[in-house]
Amino acid sequence: MADWIQKPKYILGAFIVLCFVLRLNLIFVYEINWDEFLNLSMVHDFLRGDLREPLQTIFIQAFRWLPSISANEVDQIIAGRMIVYLMGVGTALFIYLVSRRYMGITAALFAVLSYISFSLVIRQGMSFRTDPMATFLLMGAIWALVCHSGRLGFAILGGFLIALAGMVTIKSIFYVPAIGIILLTQIYFSENRMLTFAFASIATIAALVSFAVLYLFHQSTLSDPASALAFLDRTTGKTLGERDFSAAQRTFSTGLVYNLVFWVAAAIGLFEAIKKIGAGPGAARGDAIITASLALILLSLFLYTESYVYYYTFMLAPVAVLCGLGFASLSGKSARKIGFVAGILLGVGFLGQYVQAVGRTNHFQHEIVEVVHRAFPEPVPYIDRASMISSYPKKSIFMSSWGMADYYAKDERIMRGILEGDQPPFLIANRRMLALDRLEEDEFGPEHLGFFREDRDILQDNYIRHWGPIFVAGKRFVLDRDAASKTFEILVAGEYQLQSVENVVIDGQILEPGGTLDLAQGAHQITVGKAGEYVLRWGHNLYKPSGKSPDKPVFTDF
């Protein structure tokens, strides 16, 4: 036992195992983010033949089986998270193996713990997003190229992994400068430059050819593929062309404050690498250049405006090697104690973040999805923020800050056309602007990150709250005098059920409380005998739970 405590590698290894055990629990309980629903919707779009974008969607080929797991989309995402979790374990292994190329076991374990205990990685490292998938592939490529230089089979493997990562997300380009420096450095310092040049050339050719083959394969599986050039123009213009870094700066501030050990260790490691570049022998200089190049991806923070919390899972994996290098540079008894304390702080920091994360569960989200599937057992169009019912066709824009910026730029009123053309019978208020009965009179437009007033009014006039955040097509009339009549317009046609205590007359037909009537699109007239509230709700005895819904948002944050 004394030996176990005295050797830091055992403590670090124990914390790493504990981190992965606790993260396994987060797979099942942690709140689903809107981007995870969006990614799941791409799988369903592909299976319906509706997916058009060939770039950044190839991951769906590996997840076509998700709908067979459960009818509930939350369960499907959890199944997808399990695969991403395994990729996260693989990423940690690659960090360790690359680190071992330049340092001892204890320092390499410190590098792994630095990464997996980073506050933003704890919550996002197993999320059903493309970032952790691409991270696994790119760290695998770095391992193949760094640890197996000169072996041509690994050159092909490294090139293929780079290409596949590029198809998963175009932000993989941010790894390319470091990979390029790795290959050039290997050539320059190699004792057999011809062999190393061939290694680098084969890796490059393999990446280019693999990307082309993967692109053509994936494109061939889409029924009506969109233009890749148009996609690149649209996405790069937003992520690289715009200069609003306010959200990215807030994320970085959070990541800095809660992870000082990581940043200090990485800074020390980078300093040591730069010092060796100028003063070390030839081979040591080459290794120092390679390890220092792993920090280049941090420069993307000055270019990429979408560096939200999930980006740090992607960005920090290579930087973690420098944390290990910083740990390895410590010498002397007191320095080793500092390193030991730093490792303890990383582990304790993980536990603190875990406690916060585990309190944000997906139980309410699971219940919402379950209610929708019981109320609408067959797929129907609907409106929401981010394709929460991914197996059904969503008929509105993706309501992220990016999506809303495009909506404002186009300056078009879209909701009447969606209701008339697509006939969505329900709406999920998973963003403030969709909580139609709670919006203030002046709560619309860009100032409130809401719909244009005309679109908001259309939705408010055609949907009523059903249960929790679920709204259904309907009309609510409050008539303040007896024998009153009112003309109203139906945009979503269908069978409507009367909820009232008195009979009404609609278009000349008497309708009793609980009775139903098919209403077509267009103008109708309701006449009542007594003043009061009258509700027409789409559907017949539409299911809703008997219990009261929790009054809380569907999504909180990342």
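Starting from 1, each residue takes its place in the sequence as its number. No hydrogens, no waters, no symmetry mates; every other heavy atom, side chains included, goes into these values.
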Does a side chain donor of either [X] or [Y] reach within less than 3.5 Å of an acceptor in the other side chain?
X: Gln499; Y: Arg537; value: yes
X: His448; Y: Asp442; value: no
X: His44; Y: Gln76; value: yes
X: Thr361; Y: Glu31; value: no
X: Ser41; Y: Ser390; value: no
X: Asp131; Y: Thr313; value: no
X: His524; Y: Thr487; value: no

Determine yes or no for a side-chain-to-main-chain donor-acceptor pair under 3.5 angstrom, with [X] supplying the side chain and [Y] the backbone.
X: Gln219; Y: Ala228; answer: no
X: Ser223; Y: Gly49; answer: yes
X: Tyr382; Y: Ile389; answer: yes
X: Glu73; Y: Phe37; answer: no
X: Ser127; Y: Arg123; answer: no
X: Trp467; Y: Ser546; answer: no

* Between Tyr175 and Ala317, which heavy-atom pair has the shortest distance, and what is it? -> OH-CB, 4.0 Å

* Asked: Looking only at heavy atoms, what is the nearest atom pair of Leu22 and Tyr354, with distance?
  -> O-CE1, 3.3 Å

Salt bridge [X]-[Y], side-chain N to carboxylate O under 4.0 Å:
X: Lys530; Y: Asp482; value: no
X: Arg81; Y: Glu36; value: yes
X: Glu306; Y: Lys171; value: no
X: Glu489; Y: Arg416; value: yes
X: Arg431; Y: Asp384; value: no

* Structure fact -> Exactly one candidate in Thr516, Ile490, Asp518 meets side chain to side chain contact (heavy atoms under 4.5 Å, CB included) with Tyr496; the answer is Ile490

* **Ring-ring centroid check Phe63 Phe128, cutoff 6.0 Å** => yes

Could you tell me if the side chain of [Y] sits less than 4.5 Å from the side chain of [X], heavy atoms only?
X: Leu120; Y: Tyr311; value: no
X: Leu55; Y: Leu232; value: yes
X: Leu459; Y: Ile383; value: yes

* Parallel, tilted or perpendicular, as decided by the 30° and 60° cut-offs, for the rings of Phe118 and Tyr312 -> parallel

* **Cation-aromatic face contact Arg413/Phe452, 6.0 Å, 45 degrees** => yes

* **Over-ring placement of Arg456 relative to Phe451, 6.0 Å and 45° cut-offs** => no

* Asked: Quick check: are there more than 12 heavy atoms from other residues, nucleotides or ligands sitting under 6.0 Å from CZ of Phe20?
  -> yes

